[in-house]
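Below is one structure, written out as C-alpha cells; comments come after it.
Residue numbers start from 1 in every chain, and the chains themselves are labelled A, B, ... in the order their sequence lines are given, proteins ahead of strands. The structure presented is a predicted model; accordingly, all values stated were derived computationally and were not measured.
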Amino acid sequence: MASLLRIGLPGVQLPATIGLAGAAWRVAGPRHNCIMGEDDHYRTQRINKRNALVELGIDPYGGRFADVTAAAEIRARAELLNIASGERSELTGRVAGRIMLLRMMGKLAFMTIRDGTGILQLGFNKADLADQWPMLKKLDLGDIIGADGVVGRTKMGELTLWAGKVTLLAKSLLPPPEKWHGLTDVDLRYRRRYVDLFTNPEVREVFKKRSAIIQAVRQCLLDEEYTEVETPALQPVYGGAAARPFTTHHNTLDIDLFLRISPELYLKRLLVGGIERVFEISRNFRNEGISTKHNPEFTMVELYEAYADYEVMMERVEQMVSGAFNASAKQGVAERVTAIEREVARLEKEKDEAEAKAYMEENHLEAYRQAQAGITAGRMTTVFNGEVLDFTPPWPRRKYADLLKEYAGVSIADPGATREKARELQIDHAGKDDAVVINEVFEATVEPNLIQPTFVYDYPAAICPLARRHPEDPSIALRFEAFVAGMELGNAYTELNDPEIQEANFRQKVAGEGDETMAVMDEDYITALEYGMPPAGGLGVGIDRMVMVLTDSPSIRDVILFPLQRPAAPT
RNA sequence: GGGGGUGUAGCUCAGUGGUAGAGCAACGGCCUUUUAAGCCGUGGGUCCUGGGUUCGAGUCCCAGCACCCUCACCA
C-alpha cells in the first residue's frame with residue numbers, strides 16, 4: 001500500500017496546529033502530552049520564524065482571503081492560452097494553498113502549493129517580490145499561503161504563477177512527513193488523519209468517492225419516492241440485528257440506554273405510520289471485534305418498502321450499487337490504470353525492469369486493464385484485492401440450500417450430515433441448534449467463495465426472527481444476503497408483519513447464538529405490528545463495505561476517516 | 001482470545017554482541033528557471049517499555065505495551 005500511496009502527486013506535509021487560538025501564539029511555549037517528540041527544535045524553529053514574522057508586522061494566521069481561484073481553474077484557463085515555455089501571459093490570478101514543495105535558489109524560489117483541486121507551482125524572484133523577500137525566507141513546508149501573480153511557463157514548460165505578492169494565511173508549527181514517501185505508518189495515519197489527508201492525495205480521493213457514493217445511494221432512493229428519516233441512536237431497547245450493544249446512561253432520566261445496533265425496528269414502525277417508502281443512512285454501533293471488515297461504529301443504509309418483498313430489494317441493491325459504481329469506481333478504474341502505468345514507466349526509466357514489473361504486479365495492473373476493458377464494453381467492472389469484480393445487474397441469485405450442497409456437500413434438510421461436516425471443519429457444534437450449525441458450515445464453506453456479487457436467498461428460518469416464513473416451507477425464511485469478495489454487503493427480508501409470530505420469535509431462544517441474539521423482546525414493536533404493518537420488503541446495505549469494494553480499499557479503516565483506536569499512550 | 005509480523009532521528013528506512021547510520025526534512029553559507037533531488041558544511045537519538053544473560057545488548061532471552069496481518073465472533 002505504501003507504494004500505492006505515492007501514485008499521483010508527490011506528498012508532503014504537516015500536522016494541523018492545535019490549541020493556538022487567540023493570542024496564545026504570542027507566548028507559545030512547549031506543548032505537553034504530545035504523542036511524538038514534538039517539543040523539539042523543529043517546532044521551536046518554526047515558532048521562532050513565526051515570531052519573526054510578527055516582528056515584520058505579519059499576522060501568521062491570516063484571515064479572510066477573497067476571490068481565490070482554484071489551482072485547477074488556473075490550469076484550465078492557462079490551457080486555452082497556449083503559453084510558450086519561458087513566457088508569461090496576461091492572465092493574472094490569486095491562489096491559496098499549502099506549501100508542499102519548496103526550492104529556494106538564491107534570488108529565485110519555486111514552491112508547489114496544493115489546494116482542494118490540485119497542485120500549482122508558484123515562482124518568486126527577488127526583484128518582483130521586493131520587500132516581501134525576507135518574509136519568503138521565513139516560510140516552511142506545510143505553511144498555508146496565498147499568492148497574487150501572473151500565469152506563465154518556466155523554461156522547462158511548467159505552468160507557474162509568478163507571484164508579485166505573497167500572503168501568509170497560516171503558519172505551520174510542525175514539520176510535514178517526508179515528501180517522497182509521505183506518511184505510511186498505519187497507526188499514525190489513522191491517529192492523525194488530517195496529516196494523512198493533506199499528505200496522501202489518494203486518501204482524499206477515497207473520501208471524496210465515499211461522499212459521492214453516499215450521495216448516489218441517497219439519490220437513487222429519492223428517485224424511487226423514498227422518504228429519508230432519522231431514528232434514535234439512543235434506544236431503551238435494542239434490536240434488529242444479532243449483536244452486542246454499547247450501553248450508556250442518561251443522567252436526568254436516570255435510565256440506561258443502548259446505542260443502536262440497527263435502525264430496523266424504528267423504520268418498520270414508520271411503515272405502520274404510513275411512510276410507505278422509508279430509508280435512513282445511519283451510524284450503528286456494535287460492541288464486538290475489530291478487523292479489516294469490522295469497525296465498532298459503521299454506516300448502513302436501511303430501507304423499507306410497503307407492498308414489496310425481498311425480490312424487489314434485490315433490484316434496489318442493484319440500483320444503488322449501479323449508481324454508486326457510476327459515481328466512483330467507473331472513473332477510478334481509468335485513473336488507476338493511468339497512474340500505475342505512469343509509475344511503471346518511471347521505474348523502468350529510473351530503476352530497472354524487475355522493479356517495474358514487481359510494481360505492476362503488486363498494484364494489479366493487469367486486473368485494472370481488464371476492468372477498464374469491461375467498462376469500455378459497457379460493464380460495471382472494477383478491481384478489489386486484485387480480483388476483477390463485475391457489478392453489472394442482474395447479479396446471480398443462488399439458493400442458500402443449493403450453495404450449501406455445492407460447497408459443503410450437505411443437504412440443508414440433513415442436520416446429521418451437517419454436524420458431521422461441522423466436525424470435519426472443527427466447528428464446535430455441541431449444544432447448538434441445527435440452524436446455527438448449518439449457518440456456521442455455510443459461512444465456513446460457501447461465503448469465502450462468493451467473490452463476484454451474488455444474492456444468496458432463502459435462509460434457515462430459525463436464525464431470521466424478523467423475516468417472513470416461506471409459504472410452502474416454514475423452516476425457510478424469505479431472506480437474502482448480498483455477498484461480494486467473500487464479504488456480506490447487504491441483508492434483506494420479506495418482512496414479518498404478523499405480530500403473534502413476531503412475538504413468538506422474540507421469545508424463541510436459539511441455542512448457540514451466545515450473547516449475540518436477535519431475541520430481545522420489544523413490546524412496543526409488537527404493539528406497532530398489532531395496529532397493522534403493510535407487507536414489505538426491507539434491506540440494509542453496509543456503506544463502508546460498499547466503499548471498500550468500489551475504491552479497492554482492503555481495510556474498512558481505509559474508508560472510515562477516524563476508525564476507533566486505543567487512545568495513544570501518555571508520554 | 002490464538003498464531004505471525006513490526007516498533008531505531010520530525011518522516012521513510014538500514015543496522016553482523018564491541019564508538020548509533022542513510023535519504024528526505026532542519027540549521028548555516030553559495031546560487032535567477034527548479035520539478036522528490038543544486039553544491040559545501042552543521043546539528044539532531046528514552047534504538048517501544050521493564051527485567052535478564054554478558055566484560056559489553058539496538059542486536060540474544062523473558063515479560064509487557066502499541067499497531068498491522070491472519071483465525072475465531074459479527075455487518
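- If you check B:U46 for Watson-Crick or wobble pairing at under 3.5 angstrom, you find it has no partner at all.
- One finds a side-chain N or O of A:R103 lying less than 4.0 angstrom from the OP1 or OP2 phosphate oxygen of B:A37.
- For the pair A:T112 and B:U35, the criterion of a side-chain N or O lying under 4.0 Å from OP1 or OP2 is not met.
- Rounded to whole Å, the distance from CG on A:N48 to P on B:G28 is 11 Å.
- Look at B:C39: its Watson-Crick or wobble partner, with both distances under 3.5 angstrom, is B:G29.
- Scanning atom types as modelled, one donor and one acceptor separated by under 3.5 angstrom connect the side chain of A:T154 and the base of B:U35.
- Here B:U33 is the nucleotide among B:U32, B:U33, B:U34 with the atom lying nearest to any side-chain atom of A:K155.
- Pairing partner, B:C67: B:G5, with both Watson-Crick or wobble hydrogen-bond distances short of 3.5 Å.
- In this structure, the separation between CD on A:E318 and CH2 on A:W395 is 7.0 Å, given to the nearest 0.5 Å.
- The side chain of A:T292 sits closest to B:U70 out of B:G43, B:U70, B:U33.
- Taking the side chain of A:Y42 as heavy atoms from C-beta on, and the options B:A25, B:C67, B:U33, the nearest nucleotide is B:A25.
- Among the nucleotides B:C67, B:A25, B:C11, the one closest to any side-chain atom of A:L141 is B:A25.
- For the pair A:I290/A:P296, a side-chain contact is recorded, criterion being any heavy-atom separation below 4.5 Å from C-beta on.
- Checking the phosphate oxygens (OP1, OP2) of B:C73, no side-chain nitrogen or oxygen of A:K293 falls inside 4.0 Å.
- Side-chain proximity of A:Q565 to the nucleotides B:C67, B:U35, B:A26 is greatest for B:C67.
- One can place CG of A:L188 at 11 Å from P of B:C13, the figure rounded to the nearest angstrom.
- One interatomic measurement links the two molecules: CG of A:D185 to C1' of B:A9, which rounds to 15 Å at whole-angstrom precision.
- Closest to the side chain of A:E178, from the set B:G23, B:U34, B:A26, is B:G23.
- Using a 4.0 Å cut-off, no side-chain N or O of A:T44 falls inside it from OP1 or OP2 of B:C27.
- Of the candidate nucleotides B:C27, B:U35, B:A66, B:A66 has the atom nearest to the side chain of A:R191.
- With a cut-off of 3.5 Å on both Watson-Crick or G-U wobble distances, the partner of B:C24 is given as B:G10.
- Taking atom P in both B:C30 and B:U16, one finds a spacing of 42 Å when rounded to whole Å.
- Comparing B:A66, B:U32, B:G10 against the side chain of A:R566 picks out B:A66 as the nearest.
- Listed nucleotides B:U32, B:A37, B:C67 differ in distance to A:A127; the shortest reach to its side chain belongs to B:U32.
- Below the 3.5 angstrom threshold, one finds a donor paired with an acceptor across the side chain of A:Q121 and the base of B:U34.
- You'll find that the side chain of A:K179 is closest to B:A37, out of B:A37, B:C67, B:U32.
- Using atom C1' as the reference point in both B:A20 and B:G56, the two lie 16 Å apart (nearest Å).
- Residue A:I290 contributes atom CD1, which lies 12 Å from atom P of B:G1 at whole-angstrom precision.
- A:E158 comes within 4.0 angstrom of a nucleotide base, judged by non-hydrogen atoms across all strands.
- With P as the reference atom, B:G18 and B:C60 are 11 Å apart, rounded to whole Å.
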